[in-house]
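This report concerns only the one structure given below.
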Protein chains: 2
Amino acid sequence: MTAPRSSTAQKSGSARPVPRSRIQKRNRQIILEAALEVFSTHGFRGATLDQIATEAGLSKPNLLYYFEGKEDIHRELLTQLLDTWLAPLRLLDPEGEPRTEIMEYMRRKLQMSRDYPRESRLFANEILQGAPRIEGFIRNDLRGQVDDTADMLQRWVDQGRIAPVDPYHLIFSIWALTQHYADFAAQIALIRGAGHEPHDGAEAFLEHLYSRLLAP
Amino acid sequence: MTAPRSSTAQKSGSARPVPRSRIQKRNRQIILEAALEVFSTHGFRGATLDQIATEAGLSKPNLLYYFEGKEDIHRELLTQLLDTWLAPLRLLDPEGEPRTEIMEYMRRKLQMSRDYPRESRLFANEILQGAPRIEGFIRNDLRGQVDDTADMLQRWVDQGRIAPVDPYHLIFSIWALTQHYADFAAQIALIRGAGHEPHDGAEAFLEHLYSRLLAP
DNA sequence: ATCAATTTTGACCATCCAGTCAAGAAGCTT
DNA sequence: AAGCTTCTTGACTGGATGGTCAAAATTGAT
């Protein structure tokens with residue numbers, strides 16, 4: 001009858017209804033999966049609820065039984081994404097061997113772009129539009145993490161353990177080079193033809209590139 | 001009265017009305033400029049004719065006096081863009097000094113991303129959506145150019161004039177690294193703060209990177 | 001099996017948006 | 001300044017789209 005707004009120890013402000021039944025969990029998941037597919041290729045405004053509903057195999061009103069609206073689905077998707085987006089950065093170990101650590105970070109990002117290309121495109125879409133919905137996240141969460149990482153990289157540079165490079169640009173380069181294979185997959189596929197998969201050879205190339213760049 | 005379909009020596013098939021009067025030239029330009037602004041940040045479906053009209057300071061019917069429709073404006077914009085997009089690749093000189101040539105290409109691409117960030121984002125948007133409207137261009141024009149360039153790079157590798165790298169990934173890396181500063185400018189701006197401009201330090205970093213990567 | 005709670009949906013709105021049209025305003029030519 | 005052409009726009013239309021609602025179907029506890 002009413003939409004499923006649970007109340008299990010809810011914070012006052014913005015309510016996040018916790019799915020309870022098995023059906024709720026399952027259908028919310030199905031919807032998010034479908035929405036990811038649609039949003040990541042058409043962007044927020046380009047996507048329609050009907051498209052998402054069809055993709056999910058549900059009716060449009062049914063979608064709106066589980067989510068408060070298009071915006072809500074999108075927000076949920078982004079929130080989940082941003083969590084995993086920051087994770088690799090946190091795994092950088094200040095005590096580790098610098099080049100190994102950076103190489104590992106690059107590999108993790110490349111793997112993410114291979115395993116979750118739609119998430120990468122969802123993110124790219126958002127940034128392209130000027131990051132209206134995740135400005136807060138970038139300014140408050142990501143920025144701090146990046147600053148910390150940059151400090152660490154600078155320390156490694158100062159200690160002569162990696163070649164002297166601008167730490168911010170180093171980080172940006174890893175983002176650019178890894179995400180490119182997901183975000184521009186369509187272009188790469190058209191250029192390389194059907195035989196190849198976009199990521200083919202990328203890891204070897206990037207390993208070569210960063211090992212050359214970072215050698216003291 | 002009627003829309004301006006000129007007929008000055010027109011090819012039969014898809015008509016491209018050549019603007020004649022000064023007013024036509026001026027207003028088409030104003031519209032394209034406004035459309036670039038809007039399409040590049042909101043994508044094709046996210047943009048509205050009203051937005052473009054407002055941005056251009058014209059009425060919506062007036063827009064449609066100069067162009068056949070939303071699609072037509074967008075197509076014109078992309079066509080103009082793709083011409084300039086290919087240009088830098090053609091400037092690579094097989095007879096030149098390999099590292100200088102590649103470095104020059106990188107610099108030209110970086111400059112384009114600095115001087116024409118909206119064009120870069122328009123292109124990125126298009127690829128993200130799966131390149132529906134420029135598939136032909138990529139398959140027929142870009143691909144050939146890239147293949148030729150890759151052959152040239154491979155020859156340079158074989159002659160030992162640059163370090164052995166996969167030529168396709170080398171090209172992709174230049175695209176990724178240069179366009180990133182335009183396409184992800186919003187993210188970079190939020191991370192680096194108001195003091196910096198996204199491209200600050202990029203050229204030095206990329207020069208360092210490619211000179212390390214390509215040294216035989 | 002019964003009955004209340006949960007889930008699903010057909011039918012419906014209201015709004016947005018691309019595109020039309022006919023009439024009016026501004027330019028150009030003589 | 002007349003008269004033709006080019007340019008501009010207010011008012012409109014039809015279709016798409018986000019969202020609502022009340023009734024029907026299903027599920028689950030007893």
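Here is how names work: the chains are called A, B, and so on, in the same order as the sequence lines, proteins then strands, and each is numbered from 1.
- Taking atom CG of residue A/L64 and atom C1' of nucleotide C/dC13, one finds them 14 Å apart after rounding to whole Å.
- Atom CG in B/D72 sits about 14 Å away from atom P in C/dA18, given to the nearest Å.
- At D/dC7, one or more side-chain N or O atoms of B/Q24 fall inside 4.0 Å of OP1 or OP2 (strictly under the cut-off).
- In this structure, B/Q129 and B/P132 approach most closely via the heavy-atom pair O-CD, 3.6 Å.
- Spacing between atom NE2 of A/H74 and atom P of D/dG18 amounts to 13 Å, rounded to whole angstrom units.
- If you take NZ of B/K70 and P of C/dC17, they are 9 Å apart, rounded to a whole angstrom.
- Residues A/F184 and B/W175 keep their aromatic ring centres 6.0 Å or farther apart.
- Between the side chains of B/Y181 and B/S120, no donor-acceptor pair of N or O atoms lies under 3.5 Å.
- From B/L78, atom CG reaches atom CG of B/D83 across 11.5 Å, with rounding to the nearest 0.5 Å.
- Only A/R45, A/S59, A/P61, A/N62, listed by number, bring a heavy atom of residues 38-62 of chain A to less than 4.0 angstrom from any atom of DNA chain C.
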Task: Letter per nucleotide, 5' to 3', of nucleotides 25-30 of chain C [B base touched, S only sugar-phosphate touched, - untouched; heavy atoms, 4.0 Å] - done: ------
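- Regarding A/Y65, its OH atom lies at a distance of 13 Å from the P atom of C/dA5, rounded to whole Å.
- Between B/L63 atom CG and D/dT9 atom P there is a gap of 11 Å when expressed in whole angstrom units.
- Regarding A/N27, its CG atom lies at a distance of 15 Å from the P atom of C/dT6, rounded to whole Å.
- The pair B/R114-B/E197 fails the salt-bridge criterion, with no side-chain N (NZ, NE, NH1 or NH2) lying under 4.0 Å from an Asp/Glu carboxylate O.
- Using a 3.5 Å distance cut-off with no hydrogens or angles, the side chains of B/Q29 and B/E33 do not pair a donor with an acceptor.
- For the pair A/R192 and B/F172, the cation-pi criterion (under 6.0 Å, within 45° of the ring axis) is not fulfilled.
- A straight line from CZ of B/F67 to P of C/dA18 spans 15 Å, rounded to a whole angstrom.
- A donor atom on one side chain and an acceptor atom on the other are found under 3.5 Å apart for B/S113 and B/H199.
- The shortest distance between side-chain heavy atoms of A/I171 and B/I191 does not fall below 4.5 Å.
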